[in-house]
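All values reported here derive from a predicted model rather than from experimental measurement.
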Amino acid sequence: MNVTRAMGAAMRRIHVGNALSAFGLGFTVPYLYVYVAQVRGLGAMTAGLVLAVFAVAALIVLPFAGRAIVRRGPLPVLLAALVTAAVGALSLGLAGTAASVLLSAAALGAGQAVMQPALATMIVDCSSADTRSRAFAMQFFLQNLGLGVGGLIGGHLVDTTRVSSFTLLFAIEAAVFLLLVGVLATVRMPRSPRLADAPAGSAKGSWKQLLGNRAMVQLSVLGFVIFFACYGQFESGLSAYGVEAAGISTSALGTALAANTLMIVVAQFAVLKFVERRRRSRVIAAVGLIWAVAWLAAGYAGLGHGSREMATAAFVSTYALFGLGEAMLSPTVAPLVADLAPEGMAGQYNSAFALVKQLALAVGPAVGGPLAASLHGPYIVTFLLFSLGITVLALRLGRRLTAVQDRPWLARGTRVVTRGGASTGPVPADA
C-alpha cells in the first residue's frame, strides 16, 4: 500500500526527532572530557570513565530495549528514553562529584542508546518498500546535520573558566529532549504487530529466532566489521595516525572531519538515486572497495614521504571517501535490517544491530588507537584488509538474501519486503 497522509505526518515528526536527538548529542558530547577533567577538576581518569560509562550503559540497556519495543511499541520506549536522557543531562550539568557524574552519564548514555533503535523502528512502521531507503537516508542526513550544528553552537557557548556555562549547556540539552517528548507524544503511529499479539512461545524464543536467522547473523558480523573499520577509527586510531605518522596539524584534522560531514551532506541524495536501483549486497561491497582506497590514501599521507601539503590533502581525502561510503550505507544497511525482521520483530532486530554497533565502537578505538600511535604501517595494512573484508562479506551475504531483500524495488507497491529471512531456494555451502 502507499504511505498514507497520516504516515507521512508521523514520518515528518520522526525526522524532527532524529535531528533534535542528534543535535543534543553533538551539543555536549565533544565537551564532556574537558568538562569532567578540567572544569569540574575530577581528573583525566574520571573523564575517561565517563566516556566508558556511555558505552557500557548502551550495552546493558539495548538487549532489554529490543524486547520492550516489540512488546510495547517504539513510541512509549522512545518517550521513556528521552525523559531518562533529559534527567541524565540536567544532573550531569549540576554534578560535582565523581559518583554523581558517573551516574548522570549512565542515565544520559542509556537514554541516547535506546533512542536509535526506537526511532529506526518508527521509520520502519511509517514507511513502505518504496520509501524506506529514502527515509533512512533522510535520517542519516539529519543526524549528521544535527551533530554538526549542535557541536558548532555548543562550542560557542562553553567557557572553561565558568562552570555555569557548562551547566547552561546541559540544561539546554535536557530542554531539547523534553521538547522532543512534546513533539513526538502526539504522533499517531500505524498499528503494527507486536510480540504480545503472537503466541507466548514466540516471545521466549525471540533471541533464539534472531540468532537462527543466518542472514541476520551474517549482516551483524558485516556490521561489526563496518563500524570497527570506519566509525571506530574516526576519533581515535585515524586521528592518532594522522598526528603521529603524517604530521597533520589539529586544524587540518578539523578540516578532515569537516570534509567527512560535507561529503555526507552534499552527496547523500545524489548517492541515493544511484543505490536505489542496485543490489544492496553489491552496494555494501562497493563501499568496502571505496574504503580500501581511503586507507591507501591515509597510507600515502603517513608513509609516502611527500610534502606536507600532499600529505594533508591525502588525509583529508581519506575522511571524504569515508563520508561517501557512509552516504551509500545509510539507505542500504538499516532498511535491510528491517526487511530481515519477521513481522512485529523490527524493534528486536534494530536493537540487536545497535548492540553490534556499540560493541564495534567500543573495541575499535581500544585496538586502533595504540596500533596507530606506534605501528603505523601495520595499522594501515590491518584496516585495509578489514575494508576488503567488507567487500567479501557483503558478497557472501548477497547469496543468503531473497531477491526482494537484495533488490527491494521488486516489491514495489507493498509495505513489507519478504519479512524474516533467508531465501527459500538452495543456498551454496559456502554462503
Side-chain angles (χ1 to χ4, degrees), residues 17 19-62 64-65 77-116 118 143 146-182 234-236 239-240 250 254 257 358 361-362 365-366 369:
L20 286 177
S21 63
F23 176 86
L25 183 64
F27 201 56
T28 57
V29 168
Y31 314 107
L32 267 177
Y33 187 90
V34 172
Y35 170 66
V36 176
Q38 299 178 13
V39 178
R40 288 295 183 182
L42 297 175
M45 181 173 292
T46 302
L49 285 175
V50 166
L51 298 177
V53 161
F54 265 82
V56 171
L59 295 176
I60 291 174
V61 300
L62 280 171
F64 300 99
V77 175
L78 175 61
L79 296 180
L82 287 167
V83 172
T84 302
V87 171
L90 185 60
S91 59
L92 192 57
L94 299 172
T97 66
S100 58
V101 163
L102 292 173
L103 286 173
S104 302
L108 180 57
Q112 288 179 332
V114 175
M115 289 179 205
Q116 298 176 34
Q143 282 178 340
L147 284 169
V149 173
L152 183 64
I153 296 176
H156 284 86
L157 289 179
V158 296
D159 181 350
T160 56
T161 64
R162 293 189 301 117
V163 173
S164 60
S165 69
F166 283 86
T167 301
L168 175 63
L169 193 74
F170 287 106
I172 293 173
E173 181 182 31
V176 168
F177 290 139
L178 294 177
L179 171 64
L180 192 48
V181 170
F234 270 2
E235 296 177 4
S236 58
S239 58
T250 54
L257 289 167
Q358 287 295 331
L361 294 180

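Atom-to-atom distance recorded for Y35:OH and L169:CG is 9.5 Å, nearest 0.5 angstrom. With rounding to the nearest 0.5 Å, the separation of CG in L82 from CG in L180 is 4.5 Å. Atom CG of L361 and atom CZ of F54 lie 13.5 Å apart (nearest 0.5 Å).
The main-chain N or O of L94 is never found under 3.5 Å from a side-chain atom of T167 such that the two would form a donor-acceptor pair. Of the possible donor and acceptor atoms, one in the side chain of S100 sits under 3.5 Å from a partner among the backbone N and O of T97.
Across G109 and A57, no two heavy atoms sit closer than the pair C-CB, 4.3 Å. Residue A107 comes nearest to T84 through the heavy atom pair O-CG2, 3.5 Å, listed as atom of the first residue, atom of the second, then distance. The minimum heavy-atom distance linking L32 with F170 is given by the pair CD2-CZ, 3.8 Å. The two residues Q143 and A22 come nearest to each other via the heavy atoms O-CB, 3.2 Å. Minimum interatomic distance between Q112 and A85 (heavy atoms only, all atoms of both residues): N-CB, 4.3 Å. In this structure, V61 and A113 approach most closely via the heavy-atom pair CG2-CB, 4.3 Å.
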L108/F177 under side chain to side chain contact (heavy atoms under 4.5 Å, CB included): CA gap, chis, key distance, verdict = CA-CA 11 Å; L108 180 57; F177 290 139; 4.0 Å; yes

Go through V53 and V101 one step at a time and tell me if the side chain to side chain contact (heavy atoms under 4.5 Å, CB included) criterion holds.
-> CA-CA 10 Å; V53 161; V101 163; over 6 Å; no

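The side chain to side chain contact (heavy atoms under 4.5 Å, CB included) test with L49 is passed by exactly one of L102, L42, V36, V56: L102.
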